[in-house]
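FYI, side chains are in, hydrogens and waters are out, and symmetry mates aren't considered; it's all heavy atoms of this structure. Count residues from 1 along the sequence.
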Amino acid sequence: MVAVYEQLTAEGHLSSAPGSGTSVAERSTATSARSAPVIEVAPVAGMNPGQPDPALFPRHAWQRAAQRAMAALPDSAFLYGDARGHLPLRCELVSYLGRTRSILTDPDRIVVTNGFAQCLNLLVQTLLRRTGRAVIAVEDPGSAGASAQLSWLGAEVVPVPVDAHGLDVEALARTAAQAVIVTPAHQYPTGVPLAAERRHQLVEWAEATGGLIVEDDYDAEYRYDRAPLTSLHALAPQRVIAAGSVSKSLGPALRIGWAVVPDHLVADVAAAKANADLGNSVISQATLAEFIATGALDRHLRRSRTIYRQRRDRLIAALEAAPGVAVTGIAAGLHLVLELPEPCDAAALADVARRAGFAAQPLDRYRHRPGSPGVVLGYAPLTVDAIDHAAQTLVDAITEPASKRSRPPARRRRDQAGSPTVRT
């Protein structure tokens with residue numbers, strides 16, 4: 001009994017003082033789950049276009065892969081290992097990237113990361129240690145999250161314009177960037193691919209300046225009317241870091257990504273990874289290796305690709321009823337961009353889209369410079385039936401008669417001339 005009381009007191013359940021006996025300790029509820037403050041450090045659901053449908057995650061196939069992986073793991077796998085990642089996974093990635101993205105590499109040049117976000121972290125740390133600075137060019141428009149992360153890490157972010165042919169390489173050449181982050185297969189968010197001439201110009205820039213190209217292959221698995229473009233890595237393996245993840249193909253919660261690193265950077269990037277976190281979870285890596293090796297990933301992608309294409313096609317068909325609205329980009333990925341007629345209020349339409357169930361943001365959120373109105377629309381989590389209803393809500397918002405809106409006089413005169421405007 002004495003030992004029990006001492007243990008409960010040591011754990012804070014009881015309080016005891018000489019001469020006053022023992023009583024139940026008072027506990028504060030200020031840090032309980034109900035009252036703890038919520039600190040948002042990333043976009044919440046409904047605010048981040050391009051996320052996959054979590055309902056499509058292959059739970060049973062993943063569970064079976066996890067069971068087989070756990071049974072096969074040697075005892076030594078539960079110790080600290082190679083910070084570059086679990087060797088069987090790196091071997092599977094060599095095969096997978098070779099047959100799907102024409103990336104020819106070996107396991108020693110692959111570093112497994114906590115998603116693509118950590119690839120950026122390792123890049124910045126490597127540049128800072130090598131040169132004392134990190135000047136990194138980004139696409140404009142481009143990923144707002146990547147730009148914010150780079151700035152937070154201490155990098156100087158240089159926006160480079162994107163047009164209908166992708167990144168403007170001539171504009172990039174006028175900067176002092178040491179590296180550039182590009183989405184050549186399916187530019188985020190505009191959806192255009194990097195033109196063949198620009199691809200060669202980009203490689204020439206890297207070879208002439210000694211710069212690095214970070215190829216963000218964020219949704220290469222989802223092409224609906226064409227084969228995926230060959231990775232830039234095939235053109236210049238010593239100048240391109242080919243980075244990807246399972247965030248779109250499976251789910252961002254897994255936090256598994258990879259970087260195929262040039263020979264001259266492997267040691268520095270591996271050291272940065274080791275000092276960041278000593279490596280990813282071996283259990284998760286072993287599960288993914290088994291998932292790829294048994295063909296489960298390919299089966300999941302075939303199924304989800306068909307579903308997402310049906311949803312995209314239904315959405316585009318429904319939006320044809322909206323006058324003056326154009327859908328940009330190739331038939332790929334999990335989002336699309338709506339170009340809106342002037343003077344549409346993109347922020348208001350994005351708000352309407354979110355209330356209807358889409359993940360949506362105004363295009364200006366992804367720009368460093370202002371441009372024409374547009375909305376980035378994520379449709380992946382919506383079923384076909386839900387898309388019909390949600391798209392009709394958007395069409396109604398765009399085509400709402402001017403007589404039903406409350407407008408300042410100056411804008412009312414313009415509306416009467418025939419330009420539709422979104423209002424909330």
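Contact of the L377 side chain with the L315 side chain is registered, since non-hydrogen atoms from C-beta on lie closer than 4.5 Å. Using a 4.5 Å heavy-atom cutoff, the side chains of D108 and V266 are not in contact. Annotation: side chain of L394 is not in contact with side chain of V375 (no heavy-atom distance under 4.5 Å). Within the 4.5 Å cutoff, the side chain of L212 has heavy atoms near those of the R239 side chain. No side-chain heavy atom of R365 sits less than 4.5 Å from a side-chain heavy atom of V376. Using a 4.5 Å cut-off on side-chain heavy atoms (C-beta onward), Q149 and N121 make contact. Side-chain contact check for R199 versus L229: some heavy-atom pair is nearer than 4.5 Å. Here the side chains of Q67 and M70 are not in contact, with every heavy-atom distance at 4.5 Å or above.
Applying the side-chain hydrogen bond (donor to acceptor under 3.5 Å, both in side chains) test to D388 and every residue at least two apart in sequence or in another chain returns R314. Scored by the ring-ring contact (aromatic ring centres under 6.0 Å, His included) test, Y222 finds Y308 as partners (sequence neighbours excluded). Partners of D106 by salt bridge (Lys or Arg N to Asp or Glu O under 4.0 Å), not counting sequence neighbours: none found. Applying the ring-ring contact (aromatic ring centres under 6.0 Å, His included) rule to F291 yields the partners W62; only residues at least two apart in sequence or on another chain are considered. Residues meeting the salt bridge (Lys or Arg N to Asp or Glu O under 4.0 Å) test with R309, sequence neighbours left out: D313. Applying the side-chain hydrogen bond (donor to acceptor under 3.5 Å, both in side chains) rule to Q187 yields the partners E139, T190; only residues at least two apart in sequence or on another chain are considered. Among residues two or more places apart in sequence or in another chain, the side-chain hydrogen bond (donor to acceptor under 3.5 Å, both in side chains) test is passed with R174 by none. Residues passing the salt bridge (Lys or Arg N to Asp or Glu O under 4.0 Å) test with D217 are R101, sequence neighbours excluded. Under the ring-ring contact (aromatic ring centres under 6.0 Å, His included) criterion, Y366 pairs with Y188, sequence neighbours left out. Take R198 and apply the salt bridge (Lys or Arg N to Asp or Glu O under 4.0 Å) test, not counting sequence neighbours, and it matches D163. Partners of T287 by side-chain hydrogen bond (donor to acceptor under 3.5 Å, both in side chains), not counting sequence neighbours: none found.
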Please report the C-alpha distance between R130 and D268 in whole Å, then the side-chain angles of each, then the deciding distance to 0.1 Å, and finally whether the salt bridge (Lys or Arg N to Asp or Glu O under 4.0 Å) criterion is met.
CA-CA 9 Å; R130 282 195 162 200; D268 286 348; 2.5 Å; yes

Go through it in stages, so that I can follow the logic: the residues are V325 and L340, the test is side chain to side chain contact (heavy atoms under 4.5 Å, CB included), and I'd like the CA-CA distance, side-chain angles, deciding distance and then a yes or no.
CA-CA 5 Å; V325 173; L340 305 174; 4.1 Å; yes

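Judged by distance alone, with hydrogens and angles left aside, the side-chain atoms of R109 form no donor-acceptor pair with the main-chain N or O of V260 at under 3.5 Å. Under a 3.5 Å cut-off, the side chain of R84 and the backbone N or O of A270 do not form any donor-acceptor pair. Judged by distance alone, with hydrogens and angles left aside, the side-chain atoms of E339 form no donor-acceptor pair with the main-chain N or O of G374 at under 3.5 Å. A donor-acceptor pair under 3.5 Å is absent between the side-chain atoms of R311 and the main chain of Y379, judged by distance alone. Listed for the Q201 side chain is no donor-acceptor partner under 3.5 Å among the backbone atoms of E170. Panel note: side chain R59, backbone A55; no donor-acceptor pair is recorded below 3.5 Å. The main-chain N or O of P189 is found under 3.5 Å from a side-chain atom of H335 such that the two form a donor-acceptor pair. Listed for the R312 side chain is no donor-acceptor partner under 3.5 Å among the backbone atoms of G333. Remark: the backbone N or O of L172 is paired with a side-chain donor or acceptor of T175 at under 3.5 angstrom. Under the 3.5 Å distance criterion, the side-chain polar atoms of S95 are left unmatched by any main-chain donor or acceptor of C91.
One distance of note links OG of S102 with CG of L235; it measures 10.5 Å at 0.5 Å rounding. Note that the CG atom of L73 and the NE2 atom of H86 stand 5.5 Å from one another [nearest 0.5 Å]. For the atom pair CG of L202 and CD1 of I213, the computed distance is 3.5 Å after rounding to the nearest 0.5 Å.
The two residues A397 and V352 have their closest heavy-atom pair at CB-CG1, 4.0 Å. Between P52 and P54, the shortest heavy-atom contact is O-CD, 3.2 Å. Of all heavy-atom pairs spanning P373 and E342, the tightest one is CD-OE2, 3.2 Å. Of all heavy-atom pairs spanning E92 and I292, the tightest one is OE1-CG2, 3.9 Å.
A parallel orientation is assigned to the rings of Y218 and H186, their planes being inclined by less than 30° (bins at 30° and 60°).
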Per-pair distances, 0.1 Å, donor-acceptor, side chain in residues 243-253, under 3.5 Å, sequence neighbours excluded:
| residue | atom | partner | partner atom | Å |
| --- | --- | --- | --- | --- |
| S245 | OG | S247 | N | 3.1 |
| S245 | OG | S247 | OG | 3.3 |

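Annotation: F78, atom CZ; neighbour count of heavy atoms from other residues, nucleotides and ligands within 6.0 Å is above 12.
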